[in-house]
Amino acid sequence: MSDDPTGTTAATDADGGLQDAIATLDRLRADALAAIADAADTAALNEARVRFTGKRSELTGVQKRMKDLTPDGRKQLGQALNGFRAAFDEAHAVREEELATAALAARLEDERLDLTLPPRRLPPGRPNLLTQVEHEIIDVFIGMGYQVAEGPEAEAGAYNFDLLNIEPDHPARQEMDTIYVAGFDDVVLRTHTSPVQARVMTTQAPPIAVVVPGRTYRADTVDATHSPVFSQVEGLVVGEDITMADLRGTLLSFSRAMFGADRDIRLRPSFFPFTEPSAEVDVSFDEPGGNLGWLEILGAGMVDPNVLSMCGIDPDRYRGFAFGIGIERVAMLRHGVKDIRDFFDADARFLARF
Ligand code: PHE
């Protein structure tokens with residue numbers, strides 16, 4: 001018996017090594033079929049093919065023994081080799097098929113789609129409370145025949161200050177805690193929406209009735225009632241017979257539309273460089289205990305004739321009124337919001353309430 005796989009010593013056997021070669025083939029067949037059956041994937045199957053039938057396999061050694069055999073021995077070994085080959089190929093093909101089927105089944109399972117599952121619904125978005133209140137305010141004025149105008153948030157000092165009667169050394173420039181835009185000579189983040197008054201008056205002829213919603217900026221420290229970014233709705237009306245009574249009537253209508261039909265308003269004397277006279281406007285509220293309370297909601301006044309003429313409107317012919325409403329303030333009053341930061345924090349629990 002020889003267990004020399006290269007077959008170099010097999011020729012010393014009496015039959016030229018035939019029995020030994022056939023015994024080796026039988027062992028190889030058993031081993032190969034077991035390896036094929038065990039192959040867990042295509043890679044293992046390929047490995048078995050190389051190991052049992054490749055150039056450096058034991059099988060090659062067995063084939064080399066042919067030359068030492070008698071013609072009859074060659075015939076026998078040839079048949080045994082063919083038998084091995086047929087058995088190997090068939091087992092290999094069967095296993096290959098099995099593995100392919102299993103792989104397909106695994107993939108189908110993996111990519112399984114359950115078309116009966118209900119869709120995962122995204123909660124529908126909605127405008128932020130501030131946007132809702134802005135739209136409500138604007139709707140009230142659109143109902144009174146106003147147009148909507150807009151202007152830039154990075155604004156020229158000429159519009160934010162000069163054309164509104166706010167001189168370069170006017171204390172209002174400091175009081176407003178202006179944020180300047182770095183790298184530009186005279187550009188600020190607008191401290192109010194009033195510059196759009198000047199933009200409208202320099203480009204449109206009276207009669208004018210506009211509301212201007214938008215963001216405004218001041219270098220304020222953040223607390224429950226202050227934010228460096230806030231929003232206003234500006235109003236401007238210019239015409240031939242506009243009086244303070246029109247201003248009062250307009251603001252009363254607005255307050256009742258916004259806060260309730262039983263509201264009253266009062267105007268307290270105030271000062272703005274661009275209106276004369278100027279007023280701060282309070283709206284009445286029922287306080288707990290039955291008392292009447294007043295809450296400030298906006299600044300207003302008659303457009304200063306000097307502003308009209310700087311903007312190219314004849315002050316002898318036209319008069320105007322203007323007002324500036326703080327949107328956060330209105331939203332806080334209407335919805336009982338205690339902290340202005342709630343508007344900007346994007347806390348889903350707050351947002352979901354409105
Ligand atoms: N622009 C003023 C402010 O921001 C409000 C205002 C607007 C006052 C229009 C009078 C007229 O405080």
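Here the structure is a predicted model, which is why all the values come from computation and not from measurement. Counting starts at 1 for both ligands and their atoms, in listed order.
Near G299, meaning under 4.0 Å from one of its heavy atoms, ligand 1 places the atoms 6 (C), 8 (C), 10 (C). Under a 4.0 Å criterion applied to the non-hydrogen atoms of G324, ligand 1 contributes the atoms 6 (C), 7 (C), 9 (C). Taking a cut-off of under 4.0 Å to the non-hydrogen atoms of Q197, the atoms of ligand 1 that pass are 9 (C). Here is the list of ligand 1 atoms found below 4.0 Å of a heavy atom in A322: 9 (C), 11 (C). Of all atoms in ligand 1, numbered sequentially from 1 with element shown, those under 4.0 Å from a heavy atom of Q232 are 3 (C), 4 (O).
Without hydrogens or angle criteria, D345 side chain to D347 main chain gives no donor-acceptor distance under 3.5 Å.
Around atom CZ of R266, more than 12 heavy atoms belonging to other residues, nucleotides or ligands sit under 6.0 Å away.
The distance criterion of under 3.5 Å between nitrogen or oxygen atoms is met by S194 with respect to ligand 1.
Taking the charged nitrogens against the carboxylate oxygens, D20 and R65 do have a contact shorter than 4.0 Å, which makes a salt bridge.
Counting only non-hydrogen atoms, the option in F271, F230, F274, F272 that gets closest to atom 12 (O) of ligand 1 is F272.
A cation-pi arrangement is absent between R29 and F84 under the rule of less than 6.0 angstrom and at most 45 degrees off the ring axis.
Taken from CG in L130 to OG in S231, the straight-line distance is 5.0 Å, to the nearest 0.5 Å.
In this structure, the ring of F344 has its center no less than 6.0 angstrom from the ring center of F230. A ring-centre distance under 6.0 Å is not found for Y180 and F184.
Looking at F323 against ligand 1, only its backbone comes within 4.0 Å, counting heavy atoms. The proximity of A300 to ligand 1, defined as any non-hydrogen pair under 4.0 Å, is limited to the backbone. Proximity of R218 to ligand 1, defined as any heavy-atom pair under 4.0 Å, is confined to the side chain (atoms from C-beta onward).
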